[in-house]
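Numbered from 1 within each chain, the chains take letters A, B, ... in sequence-line order. The structure displayed is predicted, hence computed values, not measured ones.
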Protein chains: 2
Amino acid sequence: MMFSKSLEYALRAVIYLCNESSEHAKLNINQISTAIDSPEPFTAKILQTLVRRNIIASTKGPGGGFFIDSKAKPIPVIDIVDATDGRSAFERCGLGLKECSESRPCPIHNEFKSYSYKLQNLLTKKTVQDLARGVSEGKSFVTNF
Amino acid sequence: MMFSKSLEYALRAVIYLCNESSEHAKLNINQISTAIDSPEPFTAKILQTLVRRNIIASTKGPGGGFFIDSKAKPIPVIDIVDATDGRSAFERCGLGLKECSESRPCPIHNEFKSYSYKLQNLLTKKTVQDLARGVSEGKSFVTNF
DNA sequence: CCAATAAAGGATATAAAGGTCTTTTTATTG
DNA sequence: CAATAAAAAGACCTTTATATCCTTTATTGG
Ligand code: FES
Ligand code: FES
């Protein structure tokens, strides 16, 4: 696939929020970007779009910040992809041809579509909560040293 | 994966050359970029780097142009990747962490590495000639309508 | 109501990828 | 040898992704 920086930061932030925040323990942008070691204003922009899409929540003012109600419905990873990069990388021709179809396939069409389908499937089944679990159990990390 | 434009044009050009050129039937940059519908000067740059890497050959002067001796040794697709995009996308952390290792994996490390390994393997085994064969048999295409 | 705090919004800056143009070098042919 | 054809080389331009900055809006506690 090759994730954009926006998607990388979005995923790390959302996983972090999933473990560390709640309606009663909001985190401000400085806390988040410090934790996941991402550029603060850029991360703010990204989180804003996630809020607009109702993937995460936020409140303004003192004591405000971003949070995820982790008891809320599971968030498929593909939702974060849709919010940041969109799905065009999956749909276009892997060799950049204008048309991508079974009737006029490029030489990598079959492999590419098969992979592309499997990956979308995986991203749809896998939730942010699944990824967050590994982190909370100390098996994986979203932070640099 | 997500190929760069350079890699897309490189692959289409090399596949085209594989079928349509030989030491005695060289193609100039105008013929190539017209055929594969790619920006001519940009494609020229890309082919220059492939020549420098001895993936394709070229001669200057009237009657000159680019060519592949198709009876020459098979060209693994990974060679084109190495020449254009390099392999860093395979090696870095999929979530952009500074370190990527078994001892400090991010939440997608295992899936990412497994996919990354399989893809590199596929690109190593699959040759440009394999891809060109489909095109010469009319089963696939490197050109737009 | 006021001061402080924090996100939202919008304009702007920087870097990298993608693409073009001009000049130089090399080879061929009449 | 001159004219021409073609790639090589290098400077330059454009667009998109990445990132920052500044102003506005909403919320809270005193
Ligand atoms: S035609 Fe290229 S991936 Fe479908
Ligand atoms: S640590 Fe993220 S892919 Fe290895």
*asked:* Aromatic contact between A:Y115 and B:Y115, with the criterion being ring centroids under 6.0 Å apart: yes or no?
replied: yes
Here the residues of residues 27-45 of chain B within 4.0 Å heavy-atom distance, strictly under, of DNA chain D are B:L27, B:N28, B:I29, B:K45
Taken in chain and number order and not counting sequence neighbours, the residues that satisfy side chain to side chain contact (heavy atoms under 4.5 Å, CB included) with B:S6 are B:S4, B:F42, B:I46, B:T84
Rounded to whole Å, the CD1-P distance (B:I46 to D:dA9) equals 15 Å
Separation of D:dA9 atom C1' from B:R52 atom CZ, nearest Å, is 8 Å
Those residues at least two apart in sequence (or on a different chain) that pass side chain to side chain contact (heavy atoms under 4.5 Å, CB included) with B:F67 are B:S21, B:E23, B:K26, B:A57, B:T59
The salt bridge (Lys or Arg N to Asp or Glu O under 4.0 Å) partners of B:K125 (sequence neighbours excluded) come to none
Practice item. Considering just the side-chain nitrogens and oxygens of A:Y9, establish if one lies under 4.0 Å of OP1 or OP2 belonging to D:dA19. Key: yes
To the nearest angstrom, the NZ-C1' distance between B:K5 and D:dT16 comes to 13 Å
Residue pairs passing the salt bridge (Lys or Arg N to Asp or Glu O under 4.0 Å) test with at least one member in residues 102-111 of chain B, sequence neighbours excluded, are A:K126-B:E111
For A:C93, the side chain to side chain contact (heavy atoms under 4.5 Å, CB included) test, sequence neighbours excluded, returns A:L95, A:L97, A:C100, A:C106
Applying salt bridge (Lys or Arg N to Asp or Glu O under 4.0 Å) to A:R133 and not counting sequence neighbours gives A:D130
When rounded to whole Å, the CG to P distance for the pair A:D85 and D:dT16 reads 16 Å
Outermost contacting nts on DNA chain C, any atom under 4.0 Å from chain A heavy atoms, listed 5' then 3', are C:dA4 to C:dA11
Partner of C:dG30 under the Watson-Crick or G-U wobble criteria, both distances under 3.5 Å, comes out as D:dC1
Sequence neighbours excluded, the answer for side chain to side chain contact (heavy atoms under 4.5 Å, CB included) partners of A:S103 is A:E99, A:S101
Walking DNA chain D from its 5' end, the first of B:T59 and A:S4 to be reached, judged by nearest nucleotide, is B:T59
